[in-house]
Amino acid sequence: MSSDRPARVKRSKIEIKPHFLPVEERGLNFNEVNLGYINEQEVIDEAERCLSCKKPRCEMACPTGFSVPKMLLAIKEGDMQKAADVVNDYFCTPSSQNRICPAFCQDACVVGRRGDAINILNVKRYLSDNYVKPASFYERQPLTHKRIAVIGSGPGGLTAAHELARLGHDVTIFERSTLGGMLAVGIPEYRLKNSLLHAEIKDLEKLDIKFELGESFGKDYTHKDLFEQGYSAVVIAIGAHKPKFMNIPGSELKGSIHAIEYLRHVAQGKDVDIGKRAIVIGGGDVAIDAVRVSRRMGVESEIVYRRSLEEMPATKEEIHATIEEKIPINFLTNPVEIIGDGEKVTHVKLVKMELGEPDESGRRRPSPIEGSEYIMEVNTVIHAISQEPDVDDVRNDFELTRWNTFTTKDEDSFETSVAGVFAVGDTVSGPKTAVEAISHAKKAVIEIDNYLNSQVPVESDIATNM
Ligand SMILES: Cc1cc2nc3c(=O)[nH]c(=O)nc-3n(C[C@H](O)[C@H](O)[C@H](O)COP(=O)(O)OP(=O)(O)OC[C@H]3O[C@@H](n4cnc5c(N)ncnc54)[C@H](O)[C@@H]3O)c2cc1C
């Protein structure tokens, strides 16, 4: 019996697994753990599993709206270069981003409902690692001679700089510390090599993006100084770098430190002796990074998290790797006091927790079990509960929310309370993810470009354009 319907292709429900450094080879080194796909056939086979949904949930789930279907279709059609161009044109540091993205697209993938979702991230990573960027990555529209100051060089600042430079604007990035933002000083080397990130940032110089390092916005210069120097707009992308500590007795003791400070010091190669034993408080990716880094530094460390595995906010892969590396995670446990010898930490008092009804976050609320307290000997307590934007030096110049994030004109706008000054990334949203900062930047650039076009040219602009 003949039929007009196309024959049903039987697709595997199981993903082609990317390669990982074997656990026994991890030990006390910072070698990359996820090695991705290592040959093209793996990538093609994985892309073939895509159902080409009419309503691509993967694309809708990505905060930037990255066109996953376009990339996968090009692979299915056998055009790897075209697929790579889709990725490499879209992200300003694609190989870095494709190592650390939480891949909301994969969580939404329909194939994942009855098997493994398409491993979109590792497909993207293979393309960005193995194919050069297209000419369009470097192409700039006719120069506008408008100068834009971008403050901060994390994913938000870099994306804004790249997109603004492509529109023909003259962009300078101002960075007070290390280029790359949290990707350089937070995310450890075994997840993202700094050399790779820095090579990708260096490449942006081909679009005439300039870098000014060492001075701090708010302290050493203000937005008013920048306007006086001839900048037409300012983009603030300073992230969320101020540690938030758990408010328990003993938090002020020497040896009670914050994860982002610890990770920054390790990343910058500073001397970081935290003793023999440490606990890390928290259940997010920052806690996981801190515990895995401290283990690699030879410290006997473990996580304490007040809820259960089910509620843990860290990404599944990171939790899996932590368990695989045999790092203890003490679920349903919370510190109540940090104990010291009058100067530095010697012990921590912990209490066991139980879960009740869901709280405002939708997760079951933990509460202490009376009489379950116990004491653990430690040299260091690493707080990884949260961080917030470091806005102390700009507090008088801008309107801020009670979470110390910048307010914007309205929900769809990135313009701050000061005309011509825009804010993107963690400094607006609070600590989130790189892809969300990238999404902000891409949207803000459209608003900034409109803002610049709406400005009446001043005489000096007219003179420059003649
Ligand atoms: C340990 C850790 C692990 C993480 N892991 C992941 C992950 O795996 N995947 C993921 O997507 N996200 C991850 N995140 C979150 C992600 O790094 C951030 O969401 C993202 O970097 C935010 O980008 P941003 O551009 O807003 O700010 P940032 O990347 O924080 O960059 C801000 C930059 O501004 C600079 N700056 C700050 N203040 C000033 C000033 N006054 N003057 C001049 N410069 C200034 C800083 O030095 C920094 O370079 C992680 C975060 C941490 C802390």
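Computed over heavy atoms, backbone and side chain alike; hydrogens, waters and symmetry mates excluded. Counting starts at 1 for both ligands and their atoms, in listed order. None of these values were measured; they are calculated from a predicted model.
Note on Lys219 versus Asp390: no salt bridge recorded, every NZ/NE/NH1/NH2 to OD/OE distance being 4.0 Å or above.
A distance of 4.5 Å separates CG of Asn404 from CD of Glu388, quoted to the nearest 0.5 Å.
In this structure, Ser128 contributes its side chain and Arg125 its backbone to a donor-acceptor pair below 3.5 Å.
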Could you list the donor-acceptor pairs under 3.5 angstrom formed between side-chain atoms of residues 420-433 and any protein atom two or more places apart in sequence or on another chain?
from, atom 1, to, atom 2, distance (Å)
Asp426, OD1, Lys432, N, 3.0
Thr427, OG1, Gly239, O, 3.4
Ser429, OG, Gly425, O, 3.2
Thr433, OG1, Glu436, N, 3.4
Thr433, OG1, Glu436, OE1, 2.4

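Ordered by chain and residue number, the residues placing a heavy atom less than 4.0 Å from ligand 1 are Ile100, Pro102, Ile151, Gly152, Ser153, Gly154, Pro155, Gly156, Gly157, Glu175, Arg176, Ser177, Thr178, Gly181, Met182, Leu183, Gly186, Ile187, Arg191, Glu215, Ser216, Phe217, Ala237, Ile238, Gly239, His241, Ile260, Leu263, Val286, Asp289, Gln387, Gly425, Asp426, Lys432, Thr433, Ala434, Ala437.
The side-chain contact (heavy atoms from CB on, under 4.5 Å) check on Asp116 picks up Ile14, Glu15, Lys17, Arg49, with sequence neighbours excluded. For His169, there are no ring-ring contact (aromatic ring centres under 6.0 Å, His included) partners, not counting sequence neighbours.
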